[in-house]
There are 2 protein chains.
Amino acid sequence: MGAHAAMTRSFNADLQASSAITVTDFEALRRLASAEGGRMRRVDLATAVGLTASGMTRLLDGLERAALVCKEHCSSDARVTYAAITDTGRALLHTAAESHLEALAAIFSERFSPAEVDQLVTLLGRLPGAEEDASSCPGAAAEG
Amino acid sequence: MGAHAAMTRSFNADLQASSAITVTDFEALRRLASAEGGRMRRVDLATAVGLTASGMTRLLDGLERAALVCKEHCSSDARVTYAAITDTGRALLHTAAESHLEALAAIFSERFSPAEVDQLVTLLGRLPGAEEDASSCPGAAAEG
DNA sequence: GAGCAGACGTTGACTGGTCAAGTATTGAGC
DNA sequence: GCTCAATACTTGACCAGTCAACGTCTGCTC
């Protein structure tokens, strides 16, 4: 409890200050940016970042209002709406990533050797819900 | 994000079903139960479980309403109020602990060898905010 | 082609938590 | 013994997310 909450709070404050987004916003943008065509079905994005569909609706509301993301419709299935990252979104993600990944790296490299980081990544990767989180973790095995 | 959220959700559902409390409630009760005299200053309890003071007020509101906890006043300092676990609270904690720790053990023993659990405990124990979390983790090094 | 189960997305009501501001109390310095 | 900064706690306004219910659309089956 304590550790996770504390870290999330600190990362949030960090991102908030540098880019006015939350950790979850960051995750969503990151996912979109690396998705094919810079877009994903809202439902897929939701499960990817670990939110419910309605949670994703709220989150994207905010990102849309900030013009970081926009809606696109699917021609073959009228039920689905894509969330697509905009150029503004990509730019902000880039900025945010610098400070966020730096903070992340700081926390970890201060406390763990590269080998230990690897160990954590493999071990935690076995947790339910982590599935392909590890593969998308920037600098998982890298980072000297 | 995903993994933590998913696990917390599942543990919450579990506890909710068995005892109508959340993971955070459980943490607070556990802390109180093992504190000297079954009580702690609200402020200390808050930092112990990783909440703000106001968060703790809200949380204890609920536990008090359910009679799992009660207020006690400090004779030497009128500012402080203790949160004290009641007999009802201890009983419920006992029940909840069975199912919760079982679920916890299941998740971990399915995925990690005892040695790996130890490794995780030591590594994660270095995270900020984890400080003495590990020491209070039931069955950290035990559990075959 | 009508009916129906199932998927996608949104909405309203709620929860668990935050932050900022306020009250009451304490203790140290003068 | 007054003043003032600091501490303990509560409260109101808010935020991020959940769940349950709903509308819409799709695709299968008959």
Side-chain angles (χ1 to χ4, degrees), chain A residues 1-2 4-17 20-28 39-66 69-84 129, chain B residues 1-2 4-17 20-28 39-66 69-84 129:
Chain A
M1 208 85 255
H4 177 83
M7 283 182 49
T8 304
R9 217 135 49 215
S10 124
F11 288 142
N12 261 331
D14 215 60
L15 278 172
Q16 210 78 255
I21 60 172
T22 67
V23 173
T24 317
D25 293 338
F26 180 85
E27 263 308 294
R39 64 183 207 175
M40 293 176 69
R41 297 175 5 165
R42 313 189 127 217
V43 117
D44 295 337
L45 183 56
T47 67
V49 310
L51 290 188
T52 58
S54 59
M56 186 47 66
T57 296
R58 320 277 196 200
L59 187 150
L60 289 176
D61 274 357
L63 298 185
E64 273 168 55
R65 236 176 291 121
V69 136
C70 64
K71 283 184 170 168
E72 287 184 10
H73 289 287
C74 177
S75 51
S76 63
D77 186 339
R79 286 170 306 180
V80 351
T81 320
Y82 290 101
Chain B
M1 205 85 255
H4 177 83
M7 283 182 48
T8 304
R9 214 133 55 213
S10 125
F11 288 143
N12 261 332
D14 214 61
L15 278 171
Q16 210 77 255
I21 61 173
T22 67
V23 173
T24 316
D25 293 338
F26 181 85
E27 263 310 292
R39 64 183 207 175
M40 292 176 71
R41 296 176 5 164
R42 313 188 128 219
V43 116
D44 296 336
L45 184 56
T47 66
V49 310
L51 289 189
T52 59
S54 59
M56 185 47 67
T57 296
R58 320 277 195 200
L59 185 150
L60 289 175
D61 275 358
L63 298 185
E64 273 168 54
R65 235 176 290 122
V69 136
C70 64
K71 282 184 171 168
E72 287 184 11
H73 290 288
C74 176
S75 51
S76 64
D77 187 337
R79 286 170 306 180
V80 351
T81 319
Y82 291 101

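Between R42(B) and L51(A), it is R42(B) whose nearest contact on DNA chain D lies nearer the 5' terminus. Comparing A53(B) and M56(A) by the nucleotide of DNA chain C that holds the closest heavy atom to each, the one mapping nearer the 5' end is M56(A). Nearest-nucleotide positions on DNA chain D place D25(A) closer to the 5' end than the other of A78(A) and D25(A). Residue Q16(B) is the one, among S76(B) and Q16(B), whose nearest nucleotide of DNA chain C lies closer to the 5' end (criterion: closest heavy atom).
R41(B) places its CZ atom 13 Å from the P atom of dT10(D), with the value rounded to the nearest Å. In this entry the distance linking CD of E64(B) with C1' of dC9(D) reads 12 Å, nearest Å. For Y82(A) and dC8(C), the OH to C1' distance is 12 Å, given to the nearest whole Å. Across the protein-nucleic acid pair, N12(B) atom CG and dC19(D) atom P stand 10 Å apart, rounded to whole Å. Rounded to whole Å, atom P of dA16(D) lies 13 Å from atom CG of L60(A). Computed from coordinates, the R39(A) CZ to dC8(C) C1' distance equals 15 Å when rounded to whole Å. Here the P atom of nucleotide dC9(D) and the NE2 atom of H73(B) are 10 Å apart, to the nearest Å. One interatomic measurement links the two molecules: CG of L15(A) to P of dA16(D), which rounds to 13 Å at whole-angstrom precision.
Closest to the side chain of S54(A), out of dT10(D), dC19(D), dT25(C), is dC19(D). Picking from dT10(C), dC19(D), dC9(D) the nucleotide with the shortest atom distance to the side chain of T52(A) gives dC19(D). Ranking dT25(C), dC9(D), dC19(D) by closeness to the D77(B) side chain, first place goes to dT25(C). Picking from dA8(D), dT26(C), dG9(C) the nucleotide with the shortest atom distance to the side chain of T57(A) gives dG9(C). With dC8(C), dT18(C), dA8(D) as the choices, the nucleotide that has an atom nearest any side-chain atom of R9(A) turns out to be dT18(C).
Contact check for I21(A) versus Q16(A): no side-chain heavy atoms found under the 4.5 Å cut-off. A heavy-atom distance below 4.5 Å is not found between the side chains of L45(B) and L59(B). You'll find the side chain of V49(B) reaches within 4.5 Å of the side chain of M56(B), heavy atoms only.
Taking CZ of R41(B) as the reference point, atom CD of E72(B) lies at 14.5 Å (rounded to 0.5 Å). Between the CG atom of L63(B) and the SG atom of C70(B) there is a distance of 11.5 Å, given to the nearest 0.5 Å.
For a distance-only test at 3.5 Å, the side chain of R79(A) fails to qualify as a donor-acceptor partner of the base of dT26(D). For dC8(C), the base has no donor-acceptor partner in the side chain of T81(A) [N/O atoms by modelled type, under 3.5 angstrom].
Contact annotation: K71(B) does not reach the phosphate of dA8(D) (side-chain N/O to OP1 or OP2, under 4.0 Å). Side-chain N/O atoms of T24(B) include one lying less than 4.0 angstrom from OP1 or OP2 on dG17(C). Phosphate contact (OP1/OP2 of dT10(C), side-chain N/O of R58(A), threshold under 4.0 Å): absent.
No donor-acceptor pair under 3.5 Å is formed between the side chain of N12(A) and the backbone N or O of T22(A).
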